[in-house]
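Before I ask anything, let me first share the structure, which is written out below as structure tokens.
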Amino acid sequence: MKPFLTIIFLFTMNVLWAQAPKGFDYTIILGGCFNQDQVSMKVNNRVVFKNYMINNKDTSRRGNFNFVQDEQGIRINYNGSEENRKAIDFDFILDIKLIVNKQIQRFSIDLRKGNIILFDYCPDLGSSKPIRKLTTEQLQEPFLFM
């Protein structure tokens with residue numbers, strides 16, 4: 001009986017361990033209102049990209065950006081091409097330093113709240129001046145581009 005229980009226990013643990021990396025996948029998307037903006041990003045104090053020109057006003061043109069980290073590492077999609085990088089170590093928290101047009105903003109992202117992180121750089125509707133504000137949103141569902 002003991003060998004049978006040991007096999008069941010090991011099988012269960014194997015299944016749980018095999019599914020664990022999927023919980024650590026995440027996607028970062030630079031969404032709307034980026035208009036010829038120079039952007040750099042660090043995640044957990046490691047440079048992911050530096051001085052990319054992002055233009056997301058028209059999604060049919062080049063300048064769109066996103067990256068995915070999964071068990072194979074980081075895949076950056078920018079201007080219709082893909083770059084691969086080594087994965088970044090983290091637990092559940094990502095400390096993101098985003099530099100847009102030499103203005104630094106820091107974000108602490110808890111991936112337990114959603115593993116799809118969307119950044120926008122749109123006009124602040126609450127301001128009397130036409131300034132753009134960097135905002136973030138987290139999603140749990142898969143993001144579908146149409």
Side-chain angles (χ1 to χ4, degrees), residues 7-146:
I7 290 172
I8 297 267
F9 176 75
L10 291 174
F11 177 76
T12 304
M13 294 309 292
N14 226 4
V15 168
L16 292 174
W17 285 331
Q19 293 174 354
K22 293 193 182 297
F24 292 108
D25 296 354
Y26 65 91
T27 303
I28 294 180
I29 302 167
L30 298 184
C33 304
F34 285 91
N35 185 18
Q36 298 298 322
D37 294 301
Q38 186 177 13
V39 182
S40 300
M41 180 184 284
K42 281 186 175 184
V43 175
N44 292 355
N45 228 11
R46 191 170 127 209
V47 174
V48 177
F49 64 92
K50 191 171 185 176
N51 298 329
Y52 280 25
M53 191 63 67
I54 308 296
N55 183 20
N56 281 354
K57 264 190 126 168
D58 182 359
T59 56
S60 66
R61 295 181 150 180
R62 291 178 175 256
N64 298 313
F65 176 92
N66 70 65
F67 81 81
V68 176
Q69 177 169 317
D70 57 20
E71 55 273 353
Q72 284 90 33
I74 293 176
R75 289 185 319 278
I76 297 175
N77 298 297
Y78 172 66
N79 276 349
S81 64
E82 184 174 285
E83 299 174 24
N84 295 310
R85 307 259 166 85
K86 184 179 171 188
I88 296 170
D89 293 330
F90 65 95
D91 288 322
F92 290 103
I93 306 296
L94 298 178
D95 290 316
I96 298 176
K97 179 179 174 183
L98 198 59
I99 305 166
V100 180
N101 301 328
K102 300 181 182 176
Q103 299 293 316
I104 300 171
Q105 296 239 345
R106 296 181 194 281
F107 299 90
S108 182
I109 304 293
D110 185 346
L111 292 176
R112 292 172 284 204
K113 295 179 182 177
N115 62 345
I116 300 170
I117 300 106
L118 177 64
F119 288 100
D120 289 320
Y121 193 52
C122 294
D124 184 6
L125 299 176
S127 175
S128 59
K129 297 179 182 179
I131 58 170
R132 293 186 294 162
K133 182 178 179 183
L134 190 62
T135 58
T136 186
E137 180 179 357
Q138 282 183 260
L139 307 169
Q140 299 231 357
E141 297 86 31
F143 198 75
L144 179 63
F145 290 103
M146 295 190 155

Show your reasoning for whether side-chain contact (heavy atoms from CB on, under 4.5 Å) applies to N45 and D95.
CA-CA 7 Å; N45 228 11; D95 290 316; over 6 Å; no
Assess the residue pair S108 and I93 against the criterion (side-chain contact (heavy atoms from CB on, under 4.5 Å)); give the C-alpha distance rounded to whole Å, side-chain angles, the decisive distance to 0.1 Å, and a yes or no.
CA-CA 7 Å; S108 182; I93 306 296; 3.5 Å; yes
Separation between CD of Q69 and OH of Y26, rounded to the nearest 0.5 Å
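Reported to 0.5 Å precision, the distance equals 3.5 Å.
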Is it true that a side-chain atom of N35 and a backbone atom of C33 form a donor plus acceptor pair closer than 3.5 Å?
no
Could you measure the distance from the CZ atom of F65 to the CG atom of N56? Nearest 0.5 Å is fine.
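Reported value, rounded in 0.5 Å steps: 10.0 Å.
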I need the minimum non-hydrogen distance between N115 and Q140, along with the two atoms involved.
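Answer, listing the atom of N115 first, then Q140: OD1-O, 4.1 Å.
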Which value, rounded to the nearest 0.5 Å, describes the distance between Q105 atom CD and M41 atom CE?
11.5 Å
Please tell me whether Q38 and N101 have a donor and an acceptor in their side chains that are separated by less than 3.5 angstrom.
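There is no such pair (donor and acceptor under 3.5 Å, judged by atom type) between the side chains of Q38 and N101.
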Minimum heavy-atom distance F90-L94, with the two atoms named:
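It is CG-CD2, 3.8 Å.
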Can you classify the ring geometry of F49 versus Y52 as parallel (below 30°), tilted (30 to 60°) or perpendicular (above 60°)?
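Correct class here is tilted.
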So, do D25 and V68 sit near enough that their side-chain heavy atoms are less than 4.5 Å apart?
no
Assess whether a salt bridge exists between D70 and R75, defined as any Lys/Arg side-chain N lying under 4.0 Å from an Asp/Glu carboxylate O.
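Salt bridge between D70 and R75, a charged N being under 4.0 Å from a carboxylate O: yes.
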Please name all residues satisfying ring pair (Phe, Tyr, Trp, His ring centres under 6.0 Å) with Y121, sequence neighbours left out, ordered by chain then number.
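Expected list: F34.
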With the side chain counted from C-beta on, respond yes when N66 and L30 share a heavy-atom pair under 4.5 Å apart, and no when they do not.
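They are not in side-chain contact.
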Rounded distance (nearest 0.5 Å) linking atom CZ of R132 with atom CG of D120
11.5 Å
Interatomic distance, I29 atom CD1 to L139 atom CG [nearest 0.5 angstrom]:
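One gets 7.5 Å once the value is rounded to the nearest 0.5 Å.
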CG (D89) with more than 12 external heavy atoms under 6.0 Å
no
N84 atom CG, over 12 foreign heavy atoms within 6.0 Å:
yes
Worked verdict on I28 versus I96 for side-chain contact (heavy atoms from CB on, under 4.5 Å)
CA-CA 10 Å; I28 294 180; I96 298 176; 3.8 Å; yes
With T136, which residues qualify under side-chain contact (heavy atoms from CB on, under 4.5 Å), at least two apart?
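For T136 the side-chain contact (heavy atoms from CB on, under 4.5 Å) partners, ignoring immediate neighbours, are F107, I109, I117, F119.
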Calculate, to the nearest 0.5 Å, the distance between atoms CD1 and CZ belonging to I74 and F67 respectively.
5.5 Å
side-chain contact (heavy atoms from CB on, under 4.5 Å) against K97, all qualifying residues, sequence neighbours excluded:
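K97: side-chain contact (heavy atoms from CB on, under 4.5 Å) contacts with K42, I99, I104, R106.
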